[in-house]
Amino acid sequence: MSVKISPSVLSADYLTLGEDIKKLEAAGTDMLHLDVMDGIFVPNLSFGVPVIKSIKKHSTVPLDVHLMIDRPHRYIKEFAEVSDILGFHYEAGSDVAETLKQIRELGCKSCLTIKPKTKAEEIFEFLPLCDMVLVMSVEPGFGGQSFMESALPKLEALKAECERQGLNIDLEVDGGINAETAPLAVKAGANVLVAGSFVFCDDMENRIKELKAL
Ligand code: DX5
Ligand code: ZN
């Protein structure tokens with residue numbers, strides 16, 4: 001399975017985002033990662049449906065939406081209209097199985113996300129309802145933090161469990177991904193890499209190519 005790259009636009013310059021998306025697509029980006037924060041589930045605010053709707057108009061790759069919001073089931077319908085892959089946190093207070101099912105019923109791929117302190121084993125029972133699992137390798141809320149190696153055994157455990165259950169699920173990792181940490185995550189089983197601050201710089205095309213070459 002080849003590695004897919006999902007740049008997080010949290011680190012973007014929003015006034016040039018349209019042009020930057022074109023550059024990222026030309027460099028071979030596989031999807032775009034969109035971080036939605038509500039100031040309650042995480043101590044930060046970002047953007048919501050209107051911004052994602054605009055990004056959708058200007059991009060050709062799938063949109064990978066990472067909801068960091070409290071009780072996300074309240075907003076699944078609205079976000080499903082503008083997402084291709086829609087993910088929410090296991091810890092966010094919604095009925096996990098029902099929310100995953102709802103996302104699929106609305107025509108999106110479902111993604112369940114876990115914070116650094118959550119054990120991989122806690123979500124094993126939900127894997128048959130997931131198209132992707134996202135393992136956070138930083139505390140969610142901010143770009144530019146350092147990669148937590150505790151994500152690695154979790155990726156390994158999830159990969160082994162997916163194989164045991166006969167499931168072909170994408171394993172995504174998010175937080176502190178760069179040229180040094182990406183190979184560790186891939187070795188542990190990740191096949192989708194989110195990268196924010198590493199990609200959004202003056203050399204974004206080469207940064208994508210560097211990650212894709214792994
Ligand atoms: C953090 C977000 C990440 C963030 C990653 O809560 O989920 O997607 O943008 O940024 P970097 O790659 O800079 O750690
Ligand atoms: Zn994210």
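For the numbers below, each heavy atom of this structure counts, side chains included, while hydrogens, waters and symmetry mates do not. Atoms within a ligand are numbered from 1 in the order they appear, just like the ligands themselves.
A heavy-atom separation below 4.0 Å is not found between F198 and ligand 1.
Residues L129 and V65 share a single hydrophobic cluster, defined by chaining ILVMFWY side chains whose heavy atoms lie under 4.5 Å apart.
Polar contact with ligand 1: absent for M37 (N/O pair, distance under 3.5 Å). When only interatomic distances are considered, the shortest N/O to N/O separation between S197 and ligand 1 falls below 3.5 Å.
Summarising the contacts of atom 3 (C) of ligand 1 with V9, D174, V138, L10, the nearest heavy atom is found in D174. Summarising the contacts of atom 2 (C) of ligand 1 with V36, T113, V194, D35, the nearest heavy atom is found in D35. Nearest to atom 9 (O) of ligand 1 by heavy-atom distance, out of S8, S6, P7, is S8.
For the residue pair D174/H33, the side-chain donor-acceptor check at 3.5 Å is satisfied. Remark: the E161 side chain and the Q165 side chain contain an N/O donor-acceptor pair separated by less than 3.5 Å. For S46 and D35, the side-chain atoms include no donor-acceptor pair closer than 3.5 Å.
Near G175, meaning under 4.0 Å from any of its heavy atoms, are these atoms of ligand 1: 14 (O). For ligand 1, the atoms closer than 4.0 angstrom to any heavy atom of H33 are 8 (O). The M136 neighbourhood of ligand 1 comprises atoms 7 (O), with distances under 4.0 Å to a heavy atom of that residue. Near G141, with a cut-off below 4.0 Å to any heavy atom, the atoms of ligand 1 are 1 (C), 6 (O). Interface of A195 with ligand 1, defined as ligand atoms under 4.0 Å from a residue heavy atom, comprises 12 (O).
D174 contributes OD2 and H33 contributes NE2; the angle these two atoms make at the Zn ion (ligand 2) is 100°, rounded to 10°. Annotation: angle subtended at the Zn ion (ligand 2) by D35 OD1 and H66 ND1 is 90°, to 10°.
A salt bridge between K56 and D84 is present, with a side-chain N of the basic residue lying under 4.0 Å from a carboxylate O of the acidic one. Between K159 and E156 there is no salt bridge, since none of the side-chain N atoms of the basic residue sits less than 4.0 Å from a carboxylate O of the acidic one.
For S8 (side chain) and L10 (main-chain N/O), a donor-acceptor pair under 3.5 Å exists by modelled atom type.
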